[in-house]
Peer 1: 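Would you mind keeping the following structure in view while I ask a few things?
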Amino acid sequence: MLHGDRARLVRRFVERFDHHDPEFADEEIPFAVYAALRRERPVAWTDAHGGFWVVSRYADVARVARDDLTFSSARGITIPHPVPPVEGLPPDQQLRMIPIDVDPPQFFAYRKLVDPLFSPARLPHQEPDVREIVGRLIDAFIAKGRCDLHEDFAKPLPGILTVRILGLPEADWRRYAEPFHAAIHAKPEQAAAGARDFYLDNARAMLAVAAERRSEPRKDVLSALASATLEGRPLRDLEIFGIANLILVGGVETTTNAMGSAFVYLSRHPELRQRLIESPGLLPGAVEEFLRVFAPVQGLARTAMRDCEIAGQRIREGERVLMLWASANRDEAEFPAPDDVIVDRHPNRHLTFGVGNHRCLGSNLARLEFRIALEELLRRIPDFRVDEAGLRVQPDVGTTFGYGAIPVRFTPG
Ligand code: HEM
């Protein structure tokens with residue numbers, strides 16, 4: 001229960017939702033706002049960022065996400081849009097992320113192309129890579145007895161793994177990953193100002209690698225894209241970049257934040273940590289539950305393609321709708337004791353990876369990284385303690401919730 005000024009702040013966001021307001025960037029406020037919205041205004045209008053609807057109940061979020069004929073992704077899936085389309089250019093000449101910004105039927109052709117690159121069958125081959133990176137990262141700080149689990153671990157693990165999977169030079173992982181971390185947690189205006197330049201810069205670098213791979217293919221995603229065909233023709237440069245760039249965005253930021261929240265929770269709940277150390281078989285269930293309770297992607301948007309209704313609320317053609325995955329995951333109508341971490345919760349049909357056609361391509365890879373990261377941290381630095389005074393929530397958690405600093409101490413190894 002929040003009191004005084006914080007309770008007033010929650011009221012303010014319930015009346016006028018603004019996920020990018022600096023005061024929204026907090027560990028508790030967003031979840032208190034979502035709970036009140038679910039109770040009082042399950043489909044709420046706000047005039048922030050040009051106006052949009054906020055959908056907070058599980059059933060409504062899932063319904064909107066599943067109906068991509070009515071609710072389009074093609075006009076941007078974040079509010080505001082980080083790289084607004086250039087007016088007058090047709091969609092296939094825009095800088096867009098593929099397939100997340102594409103609607104059916106064209107969506108299906110792209111998804112068919114990328115699905116095999118991240119199929120569960122590939123995971124056993126990826127596990128040794130994940131273990132090697134995790135081991136190397138822990139080796140670098142274990143003797144010191146202290147580190148920042150965000151900077152030194154949760155950030156580099158997905159960063160290094162994702163550039164390796166794409167086929168980009170591994171030593172350059174920061175060059176590719178850091179701007180996304182910065183953009184996602186920057187104020188929308190600042191993020192928009194930098195995004196186009198950064199995208200163009202990435203496009204040049206990725207396409208140069210793809211061109212090399214065309215003549216000398218390797219076992220990486222850029223090689224696969226360089227030789228792929230779509231409806232009988234090679235992929236265009238904008239398509240190769242649109243897919244590779246999305247894998248980078250999807251791969252780096254989300255997984256970092258998911259793991260960071262779990263580390264903080266475990267530091268604060270030593271009895272659960274002890275249980276997981278004694279029974280590592282509980283880890284897959286724990287990963288699932290951490291993903292539910294601390295969904296990094298708070299919500300994504302759609303645009304109504306016709307007049308319609310959500311839970312009796314009239315929505316007009318062209319209006320934007322924010323689907324709050326993080327709120328759906330704590331909906332008491334779907335999950336008993338929704339705020340509690342129950343590692344053997346069953347069923348656990350959370351919406352952390354979305355639902356419907358656009359369901360996350362990298363969910364199995366993210367789960368693998370998360371499980372191995374927990375396994376190895378609990379084995380090698382089992383007594384890590386977060387220095388709460390140095391813990392920092394990111395300055396903007398509107399699209400992705402996460403910590404920007406997780407300083408910890410532990411017995412040196
Ligand atoms: C904990 C980690 C992750 C979370 C929380 C997450 C979350 C999501 C969500 C909510 C969507 C649905 C988008 C929508 O409905 O508009 C999505 C789609 C996607 N994710 Fe992830 N993701 C994670 C990890 C990854 C990783 C590791 C990759 C790397 C391959 C990835 C790549 C993608 C792609 C390519 C899509 C677009 C799929 C489509 O439009 O068909 N994600 N993700």
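Counting starts at 1 for both ligands and their atoms, in listed order.
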Peer 1: Tell me: protein heavy atom nearest atom 12 (C) of ligand 1, and distance?
Peer 2: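 Answer, as residue, atom name and distance: His358 O, 3.4 Å.
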Peer 1: Please verify whether a non-hydrogen atom of Pro99 lies at under 4.0 Å from ligand 1.
Peer 2: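 True for this residue.
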Peer 1: N/O to N/O below 3.5 Å, does that happen between Arg111 and ligand 1?
Peer 2: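 By distance alone, the answer is yes.
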Peer 1: Measure Thr352 to ligand 1 on non-hydrogen atoms and call it side chain, backbone, both or neither using the 4.0 Å cut-off.
Peer 2: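 Contact part for Thr352 vs ligand 1: both backbone and side chain.
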Peer 1: Has Arg273 got its NZ or CZ under 6.0 Å from the middle of the six-membered ring of Phe384, at an angle within 45 degrees of the ring axis?
Peer 2: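 Yes, Arg273 sits over the ring of Phe384.
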Peer 1: Sort by chain and number the protein N/O/S atoms that are closer than 2.8 Å to atom 21 (Fe) of ligand 1, and list them.
Peer 2: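 Those protein N, O or S atoms (cut-off: under 2.8 Å from atom 21 (Fe) of ligand 1) are Cys360 SG.
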Peer 1: Answer yes or no: is there an ion pair linking Arg380 with Glu376, defined by an N-O contact shorter than 4.0 Å?
Peer 2: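 Glu376 and Arg380: not salt-bridged.
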Peer 1: Got a donor-acceptor contact below 3.5 angstrom from the Asp383 side chain to the Phe410 backbone?
Peer 2: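 No, because the side chain of Asp383 does not come within donor-acceptor range (under 3.5 Å) of the backbone of Phe410.
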Peer 1: Is the contact between Leu246 and ligand 1 made by the side chain, the backbone, both, or neither, using heavy atoms and a 4.0 Å cut-off?
Peer 2: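 Side chain only.
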Peer 1: Given the side-chain rings of Tyr110 and Phe107, with only the six-membered ring counted for Trp, is the space between their centroids under 6.0 Å?
Peer 2: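 Distance test on ring centres: not under 6.0 Å, no.
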Peer 1: Is it true that Thr70 and Arg306 share a donor-acceptor pair across their side chains at a distance under 3.5 Å?
Peer 2: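 Note: Arg306 and Thr70 side chains meet the donor-acceptor criterion.
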Peer 1: Considering only NZ, NE, NH1 and NH2 on the basic side and carboxylate oxygens on the acidic side, decide whether Arg131 and Glu127 come within less than 4.0 Å.
Peer 2: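 So Arg131 pairs with Glu127 through a salt bridge.
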Peer 1: With distance as the sole criterion, is a donor-acceptor pair present between the side chains of Gln298 and His19 under 3.5 Å?
Peer 2: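 No pair is found: no donor N or O on one side chain lies under 3.5 Å from an acceptor on the other.
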Peer 1: Hey, would you say the Tyr403 and Phe263 ring centroids sit under 6.0 Å apart?
Peer 2: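 Between Tyr403 and Phe263, the centre distance exceeds or equals 6.0 Å.
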Peer 1: For Ala65 and ligand 1, answer yes if some heavy atom of the residue is under 4.0 Å from a ligand atom, otherwise no.
Peer 2: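 In this structure, Ala65 fails to qualify as a contact of ligand 1 - no heavy atom is under 4.0 Å.
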Peer 1: If I apply the N/O under 3.5 Å rule, does Thr255 come out as touching ligand 1?
Peer 2: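 Checking ligand 1 against Thr255, no N or O pair falls under 3.5 Å apart.
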Peer 1: At less than 4.0 angstrom from any non-hydrogen atom of Phe118, what atoms of ligand 1 do you find?
Peer 2: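 Numbered from 1, ligand 1 contributes 30 (C).
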Peer 1: So for atom CZ, which belongs to Arg175, do other residues, nucleotides or ligands contribute more than 12 heavy atoms lying within a distance under 6.0 Å?
Peer 2: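 More than 12 within 6.0 Å, yes.
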Peer 1: Looking at Tyr265 versus Phe294, is the centre-to-centre ring distance below 6.0 Å?
Peer 2: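 Judged by ring-centre distance (under 6.0 Å), Tyr265 and Phe294 do meet the cut-off.
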Peer 1: Is it true that Tyr110 lies under 4.0 Å from ligand 1, counting heavy atoms only?
Peer 2: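 So Tyr110 does not count as touching ligand 1.
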Peer 1: Can a salt bridge be assigned to the pair Glu170 and Arg136 using a cut-off of 4.0 Å between side-chain N and carboxylate O?
Peer 2: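 Looking at Glu170 and Arg136, the cut-off is met.
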Peer 1: Please compare Arg367, His350, Arg302, Met97 and report which has the shortest non-hydrogen distance to atom 15 (O) of ligand 1.
Peer 2: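 Of the listed residues, Arg302 has the closest heavy atom.
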